[in-house]
Amino acid sequence: MSTLRVLGLFNDFDAASDAIRELCSANLPTLNVDNITIKSPIEHPDVESLLGTRPAPTRRYTLIGAILGASLGFTFIASSQGNWFAQMKGGKPIIPFPPDFVLTYELMIMWGVYVTVLAFLVCAGLPARMKSSLYNSKISEDQIGVMVKAEKNCIDEVKKIFQRHNALKIEEEIVERRRRER
Amino acid sequence: MLRDWTKYRTTHPTGDLNKDHPEYKWAMAIDLDACTGCNACVVACYAENNLPVVGKKKFLHGQVMHWIRIERYWNDEDIDIPHQGAQFMPMLCQQCEAAPCETVCPVGATNHTPDGLNSQVYNRCIGSRYCSSNCPYKVRYFNWYNYPEQENAWPDPLPMQLNPDLTVRTKGIMEKCTFCVQRLYEAKSKARTEGRLVKDGEVTTACAQSCPTGAITFGNLVDPYSKVGKMWRQQRVDLSKDVQDKDRDGNPEGIRGYRVLEELRAYPSIMYLERVRDTQA
Amino acid sequence: MNDFNKEEKDIRDDIAWAQINKDVLQSIEKPRAAFWYLFAFAGTLFAIGVGCEIYQYQVGLGVANFDNPHMWGLYIASFIFWIGMSHSGTLLSAILHIIHADWRKPIYRFAEAMTTFSLMTAGLFVIVHLGRLWQVYYALPYPNERWAWPNFQSPLLWDATAIFTYLTSSMLFLYVGAIPDFAICRDNAEGWRKNFYTVLALGWMGTDRQWRNFRVSYMTIACFLIPLAVSVHSIVASDFAMSQQPGWHITSFPPYFVAGALYSGCAAIITLFIMLRHTFRFEEYMTMPILDKIARLTFAIAMVWTYLNFIEYASVWYGDDMFAKQVLIQKATGPYSPFWWAMNFLGSVLPFTLLFKKIRSNLTAMLIISLLLNLGMWLERWMIVAPTFSHGYYPWTIDHDQWPSFVQWGIVLGSFGWFGLLFMLFCKLVPSVSMYEVKEMVYHRTLGRKHLAQLREA
Amino acid sequence: MSNINRRDFLKVLGWGGASLTVAGCGYTSIESGVETVESYVQPQDFVVPGIGIYYASTCTQCEGGCGVHGRVREGRILKMEGSPETPNRGRLCGLGQASVQHHYNPDRLKEPLLRQGGTLQPTTWDNATALLVEKTKGVGDKFAFLTGPLSGHLRVLMQNYVESLGSKNHFIYDPLAIKVNRSVSEQMYGVAVPCYHIDQAQLVVSFGADFLDTWLSPVHFSTQYADFRKANDSKARGVLVQIEPKMTVTGANADRWIPIRPGTEGVFALGLANALLQDPAYIKNVPSSVTAAVRGYDKTRVSQETGVSGEVFDRLLALLRARTPSLILSGPSAEGHAHGAQNAAAIMLLNFVLGNVGKTVTAPAKVPFPQMAPADGDTVALNTFNEGLAQGRFQTVFMYDVNPVYTAPEFLKLRDNLKKAGFKVLFTHYRDETAEEADLVLPLDSALEDWGTHIAAYQPEGVTITMQQPLMERLYPEGTRSLGDLLLELLKRRSPEEYKKWPDYYSYLQDALTKNKSAFKDSAADDGLFWYQTLSHGVLNVAAVKEQHLSAAPGALNVNLPGTAASDQEFPFQLVPSIRSGFRDGRHANLPWMQETPDTMTTIVWDSWVEIHPKTAERMGIREGDILEISSKNGSVKTQAYLFPGIQPDTVAVPLGQGHEAMGRYAKGVGVNPFKILNPVFEKTTGELARYATRVKVSKTDDRVTVVKDEGWSPGMINTQLDRKIVATMAADKVKLFREE
């Protein structure tokens, strides 16, 4: 028996959040809270909080990036200065601290930022293929979508709940087994 | 330590000359009482170092290329009638031991050689001109134009005069006095093949060589028997000091040696001997 | 309490989200004719600059009328100026973002764009200024058979690193911040634009997961950008402060430079604010109250700058270093004195006009003032660079008569053209008002009002 | 045994009338080409590519005649350096070093030019020589040869040639001649060019003698000056006092520079003499006639006439008393007046009064070979030559090493007079002003391509013949010729018997010198070796020279110096046409190095200027760079003003050497030529042109330019050190003395 995905479009966050609350309380057999996704035109922490805490681990990578940048940066600079010792400079040591500090600082930030962006893309699952899931251009405008993935049997229930919270529009699609689910 | 951080700032010159420069430390002593301002040194430099003649228009814009210049100052006291004559100053690259120009070059085109020269690597220079901006003496000269090709600074057959021992510099690079490094190299390699060091008087710069009054003395400061070394010791000028001991108490003995803008702590390698005027006259 | 409704609002909170999309997207499609006039104007300026550069490249830097001692001129001055401009973007997007000043939301996008493009312009000057710009890659630390590396002790190299970092980071910041808007464009555009935005949007669908990570990362980058921005201009300041030339070797330079940077940046934002507001019909979003806020901010920074400026003079004066003092006196009395006094007037006196509500609420006045402020800031940079060269340590090479040739002026004009072109292209391709954040803004206002209503009932 | 008699033979070789025994007349023909000289035809084994080798020669840039070494690499002459074997201790002035630029000058003439249809057209040497022969056929006294100063074998050939034509018109012209000094020296000391020992003097008082830069033998005097200045515990530092209207380089180095009203130097000198002769210690030094003659020149009169304050006068007097021996020099600015000879006499008198004669002024050795002795030029020669032209006495005119059309003052109208001569030949290197007037212009070898022997007019020690030898192959083998070769060839046509033995000037020189080698110090027995040494050392010191003797007492001193000229209303200023060491009389104006090298005193380049005292300028509302018109009775020049404190307030100075209408790309149209505006004032006794006697008026025009100079600052600001310790100065009595190491 197949799994389906339904998307309900709501006019505002209140409607959407009510719908979600009911979904959670309706304790449908095959419905997992983690399978509820909100699609919204603006970020909305309160609504997201209904779904329980979900991880956003980018900061960890940021730290790694920064440390990498600093250490590698300094090593590179110092070593290149060291092996070009012909570069005796106006009475300064061969590996002078102040300039190397400045450069290390810059490289730390550089890598920090790069890795953060990288991490963001990975964690947010970007870039993603649109076809892979339900979407409606209204979402990018002013409507809030609630997407639920569940077994066929309780889908109708979900739809009912959506209608009860006067969803403007309800779409659904069958999920092929093969595809990794999101 | 709290009072004098400076000793922690520089590692060079250390104060021990033989440690900084085991073999050679080229240096000069210029006697301003002997210098008559005749410009022979300037022409000698043009001839030895392939300096382009820039012409009136570019000279007007201050783009002249003389590596050594004779400066003429007037005494502010008797400005109406300069009873004591004029004041002449042969100014060339001071080959500083802690050269301000070296640290700022982004590509490391100007470095300190083991001989204590302030080298300029023409083919590395990208022409940011930071070195000249930071030079207190303003003795670095930039190739604002392409003198060899575009500006026709040497119309035929003048190029036949060019010294093959060094290059003709092209557009967009910095150049300056090298203490006639081509001569030094020749002398050093000759000495090396004979398994010895260069002897005093064996090599000299074009300017020192031509100077009619012998006001310029050039030599190796490390060599204890060199004339220049003796003069520096005699005048009690220490390469690695920014204030000479003799000057701390106002130089009562009347020792003439000094270095220009010494207080900037660039440790120049050229010692000047004060000009003398007779007060009875 | 009652005056809450009466007070003029940063933005109408009953404006429909769909309307926001419509207005902003329209700006990309069909701006006012003024846009095209400006575009042509910028183009001409740029053409002039390119012409001058070709001439200079062919003949040599001499045609720019540099000499010994005047080694640097308008190029470096303008370089600092453009670096300074770039700081406003960071200020509005990063700092105000962190302190949750949400009035920034309608205007930070173009401010950030400004950051990126003025950095690009500044970069140009570094290249133009070089004697052998075809060898510029020597400054990169690439492995080579000679084992020759750039000189990491040179402040110029710190510059290069810092600016590269800053440029790339702010570009990423700009891009990441714009992803949700690209999604909007994608959903509404047709033809090539459709594909264009589809690529840029990276398949953004506004899922909670995306928003969550977006929020976190965006904030993190913002946190990085602030110290970065400060370091960038301090390093530019060290180009001078680290040298030992009289008039440059001043401890207070780094903060002084940063303040000046924010100052000119804000002024520039006002200018662009007014221009965009007109050309793209953004009256709804770039509202007078916001302008008012920026104006106040500008005034505050102007005062900081003024303070540091006088600190600098004072420290030179009381420091009583003969050389530095002579340079200062020469600035005030020498050939550069007109510009120096103009700089001080425009930088320190003119901003006091911003104290008057009448002026703050008059667009034309604000436009003119903002332009003048920027002129003052440009002069400041010039007055930092030039006088030291004309009156340095060495008396023989003290030379008071060197005037930048038309080539220098031409290339400086060109840089404004180049910046203009880039910026206007950007406005044509990327929504210059952040739609999703304006929505957030409106949304939060609505909540706020609801909440207040409830309070009233209670 | 040659078939010509010994006397002629000696004369031909230049030893005629020699006061030294000349080696016997045994004569072997020379297989020319056997003793080739290093450097070209076939390279010697020591010629290694990439390594510079040095050849000795003589510098011909000025009359100093310094020995030089030329650095040659791969057959190219690269650089001129002083020869350590000559009295100038291996030093060389800028002008000397610039001789390579004469050699490689892009504007050098590369082919003979013949005037055809009014313009100069290229022609062949065969043509040219044929013309020379044809035009000199039977000219006799209708032939005139105008040359610059000459010495050595070139002078010999020159004389022999002129004689062989049966003409007496050999004019030796030097626009910067110091003939007055020489004739007065003759009269006072008994020798024309005494030796001055600056290094042994404790005090040098120079009346405008710029011995460090332009006078007699600058490099040699500079070397002496170095010792003169050096103080050690054996000898006190010498003091230099310079008295002149316009500060020269020597003046700039003086301990005391005294600006004096031009022309009153004599009065000042007599004043000093008078004051000294109050003192019995000095009276004995001179005959009583002198003491009587100088009486009346008391301090008040002196300071009133010379404009020098009594205080300065006394200081100098004290110095003269305190420091012996001293040395008093008379220079051009004192001699260049109608009463110049009297000035000079008065000045030289001081040396007698102070008893310097025999100490710092000594007798030179006598040049034993009259034919080769240096023939120094004068300006009288030009006048006579010019008269001759004016009267159309000359049919054929040869000119060598002169540029009269440029150097002759306007009032001589030389350009027009030259037209009256039938055929005018110029031997030269450049197509200069005179070339433009000539009918045949013959390009000569450069000084670095040519052979020669020189005897400098000033002989510091003994008598030295300096060799001039080619430092490289001819740049234009087909184009240029050696004047020596030419004269030899022409002489062969006149008297083949005497000259046919020598294929060229080189073999002639070699033969001449080898013949007489016994006359020189430690010369090798073997001819070949002797010749080799001669060339490698470049100097021949005459053995056993006769010392001349100075007259014990000054020659008759007949002084009646004019009082100060009543101030001239129309021409209020005195003009000083100052000499620039880099340009001399203008012959070096086409050297780019000389144009680019800043003038020592003003640091101006590539132009002329008029030096005017800041106070005077202020009075007349003149700023630096204003174009001023300097006009005398005989013309005017327009040039930029330069405010110069080192000048007497009623005097203006314009440097000589610039303002060429032709000559080459570097000289043409640069600056102005003050020679032109000189007045016809002549020195009474010698008839020399009084170069410093021209009075001018200065008028401001509306034009203004930026003065192109090396010194920075803003226009008109007097360049001081701004309280920095750049050039530090110490009082002589404070200086610590060190024993010379």
Side-chain angles (χ1 to χ4, degrees), chain A residues 13 37-45 47-48 51 54-59 62 66 76-77 80-81 83-84 86-87 89-90 92 96 99-100 102-103 105-107 109-110 112-114 116-117 119-121 123-130 132-133 135 137-142 145 147 182, chain C residues 16-18 20-21 141 147-155 157-158 161-162 164-165 168-169 172-173 175-176 179-180 183-184 186-188 198-199 201-218 220-221 224-225 227-228 231-232 235 238 435-437 439-440 443:
Chain A
F13 280 107
T37 312
I38 303 172
K39 299 187 176 182
S40 59
I42 66 173
E43 67 169 298
H44 199 282
V47 183
E48 288 164 19
L51 307 170
R54 296 183 176 182
T58 46
R59 285 208 182 83
T62 308
F76 170 69
I77 293 161
S80 59
Q81 284 170 330
N83 77 29
W84 192 18
Q87 198 187 27
K89 290 290 173 208
K92 302 286 190 297
D100 292 12
V102 174
L103 290 164
Y105 178 86
E106 293 301 327
L107 286 167
I109 293 181
M110 188 193 287
V113 173
Y114 291 0
T116 311
V117 174
F120 160 65
L121 294 179
C123 302
L126 294 174
R129 282 181 303 168
M130 300 291 293
S132 66
S133 69
Y135 181 72
S137 67
K138 274 284 176 194
I139 291 174
S140 71
E141 190 172 307
D142 56 0
M147 190 173 79
R182 38 188 7 249
Chain C
W17 292 13
I20 298 174
N21 280 14
W147 289 99
W149 300 97
N151 172 19
F152 294 105
Q153 295 181 24
S154 168
L157 207 75
W158 313 347
T161 326
F164 180 74
T165 313
T168 47
S169 313
L172 288 170
F173 192 50
Y175 175 64
V176 170
I179 289 178
I184 300 178
R186 172 198 62 202
D187 296 344
N188 297 279
T198 316
V199 175
L202 300 174
W204 176 271
M205 284 182 298
T207 65
D208 50 306
R209 177 188 178 195
Q210 290 169 337
W211 277 121
R212 213 163 44 245
N213 289 291
F214 177 85
R215 191 169 61 241
V216 177
S217 326
Y218 194 70
T220 321
I221 303 178
F224 269 122
L225 274 188
L228 176 58
S231 76
V232 167
I235 286 174
S238 3
M435 292 179 266
Y436 74 96
E437 291 202 71
K439 289 175 189 168
E440 283 176 6
Y443 177 67

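Numbered from 1 within each chain, the chains take letters A, B, ... in sequence-line order. Note that the coordinates shown come from a computational prediction; the quantities given were computed from them, not determined experimentally.
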Choice from A/C123, A/P96, A/P41 maximising heavy atom contacts with chain C below 4.5 Å: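 Most pairs with chain C among the choices: A/C123.
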Options A/A66, A/S140, A/P127, ranked by heavy-atom pairs under 4.5 Å with chain C, top entry: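 Most pairs with chain C among the choices: A/S140.
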Centroid-centroid distance, C/W158 to A/Y105, less than 6.0 Å: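 They do not qualify: ring centres at least 6.0 Å apart.
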Full working for side chain to side chain contact (heavy atoms under 4.5 Å, CB included) between A/I42 and C/E437: CA-CA 7 Å; A/I42 66 173; C/E437 291 202 71; over 6 Å; no
Considering all heavy atoms of both residues, which atom of [X] and which atom of [Y] are nearest to each other, and what is their separation?
X      : Y      : result
C/F152 : A/S80  : CE1-OG, 3.0 Å
C/G203 : A/L126 : O-CD2, 3.9 Å
C/N213 : A/P57  : OD1-CD, 3.8 Å

Checking heavy atoms, do the side chain of [X], its backbone, both or neither come under 4.5 Å from chain A?
X      : answer
C/P155 : neither
C/P180 : neither
C/T220 : side chain
C/L225 : neither

Within a strict 4.5 Å, meaning less than it, do heavy atoms of the [X] and [Y] side chains meet?
X      : Y      : result
A/V117 : C/I221 : yes
C/F164 : A/E106 : no
A/E141 : C/D187 : no
C/M205 : A/T37  : no
A/Y114 : C/L172 : yes

[atom2] on [Y] to [atom1] on [X], rounded to 0.5 Å:
X      : Y      : atom1 : atom2 : result
A/I38  : C/R209 : CD1   : CZ    : 15.0 Å
A/I77  : C/T161 : CD1   : OG1   : 7.0 Å
A/L103 : C/I235 : CG    : CD1   : 7.5 Å

Residue, of C/Y175, C/F214, C/Y443, C/Y436, that accumulates the most heavy atom pairs under 4.5 Å with chain A: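 Between C/Y175, C/F214, C/Y443, C/Y436, the count favours C/Y443.
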Any donor-acceptor N/O pair, C/R212 side chain to A/E43 backbone, under 3.5 Å: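 Side chain of C/R212 to backbone of A/E43, a donor-acceptor pair under 3.5 Å: no, none is there.
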Portion of A/I109 that has a non-hydrogen atom of chain C nearer than 4.5 angstrom: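 Both parts, heavy atoms under 4.5 Å.
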A/F120 and C/W204 aromatic ring geometry - parallel, tilted or perpendicular at 30°/60° bounds: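 Plane angle between 30° and 60°, so tilted.
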